[in-house]
Amino acid sequence: MSRLNGSRKPAQFKESVIREMTRLAQQHGAVNLSQGFPDFPAPEAVKAAARDAITAEVNQYTVTWGAPQLRQAVARDFTRRYGVPVDPEVQVTVCCGATEAMVATMLGTLDPGDEVVVFEPFYENYGPDAILSDAVIRYVTLHEPDWTFDPEALAAAFNHRTRAIIINSPHNPTGKVFTRDELAAIAELCHRWDVLAITDEIYEHIIYDGCRHVPMATIDGMADRTVTINSLSKTYSVTGWRVGWAIAPPRLAGAIRKVHDFLTVGAAAPLQAAGVTALSLPETYYVELATGYQRRRDMLLELLESRGFACFKPEGAYYVMTDIADFGLGDDTEFARYLVSEIGVAAVPGSSFYRDQALGRTKVRFTFCKRDETLQAAARKLDALRAPAGST
Ligand code: PLP
């Protein structure tokens, strides 16, 4: 066996199914409702700030932990919204997207053999992040239709090897928004087993029907054992900028910062400068963001349901999980491949969000972070799909 192969760690995970679906969409000229990136413009003021920063020669490395003004803006915003004090000098680390913030946090806080609790379905990066960190995941299932967890199953996932739990709220792929009571139940287990909560709150502002986002750091006693991860990507429609951050308790921040330093040194300097402008947009921006997405959500729900998809209505984030069993067109992967190649719409097979793939075999995820024209184009393509018997 040649030694000129990949190492053992990447051999344990597969290429991202979501990014593969985007490639297939391009290959087949399909409408891409698979990967969560907006196809409408980012806010003009934020783009202008990036251009101005480049012109003003903000083109060299920033401080490794992030440009001071961006760290201050992140800390100020979190404290103003949620009342949790954050020291930007110590606690905030700016990274290349929430993606790097998550892997830097896991590499910086987990030791080989530590266990991490993850809810399934999950955002697909957490599995590879755990493998890269030599950690072992314990999965706890979120049950449809409202994606609740069994408190006993959650309690059973904790033991003396548990080092962390990952929570993503609002949740990709289901749109679940964890309630204060659910977070309090998780917090109680974190206290009991001395466990860290790592929370991915990247869809913080994309929330519907009067639901409220509750950060784990606001739950009693949790600020000292929570790393909060967020980014510019979704809130400001700049997924390609790769600017995110981790807010960590002081005793953990140093470890995360060291890993981040040696992984990437820092995120793009002019885009960090533009992040300061983004974080100072008026409150109306966030209201319009959420109402715009709620309208698109309702549009996608209507167009999918009228064509025979059973949909789980999301409370937040910008995805709709559907059940496709009644179409009789095979399992999730067969269905998604048929959809992209024959119908011309790309979506993500549900099994890619589950460790127990059987749980995702009848599910397919669509995103609605798209212009009305894109959603209407998808609707026209989906007209060619034979609706399941008995559906409207
Ligand atoms: N976390 C979740 C839950 C996501 O859905 C995504 C992107 O889809 C990311 C993180 C990636 O964030 P970023 O673009 O900031 O790396």
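Start at 1 and go down the list; that is how both ligands and their atoms are numbered. Please read these numbers as outputs of a predicted model, since none were measured by experiment.
Around ligand 1 you find G97, A98, T99, Y123, Y126, N168, N172, D200, I202, Y203, S231, S233, K234, R242, Y319, each with a heavy-atom distance below 4.0 Å.
A salt bridge does not link K258 with D261: every distance from a Lys NZ or Arg NE/NH1/NH2 to an Asp or Glu carboxylate oxygen is 4.0 Å or more.
Residue pairs meeting the ring pair (Phe, Tyr, Trp, His ring centres under 6.0 Å) criterion with at least one partner in residues 336-366, sequence neighbours excluded, are F309-F366.
For F78 and Y82, the ring centers sit closer than 6.0 Å to each other. For F327 and F335, the ring centers are positioned less than 6.0 Å apart.
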Would you give me the side-chain donor-acceptor pairs under 3.5 Å for residues 341-348, sequence neighbours excluded?
| residue | atom | partner | partner atom | Å |
| --- | --- | --- | --- | --- |
| S341 | OG | R337 | O | 2.8 |

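Annotation: salt bridge (charged side-chain N to carboxylate O under 4.0 Å, His left out) contacts of R51 (sequence neighbours excluded): E44.
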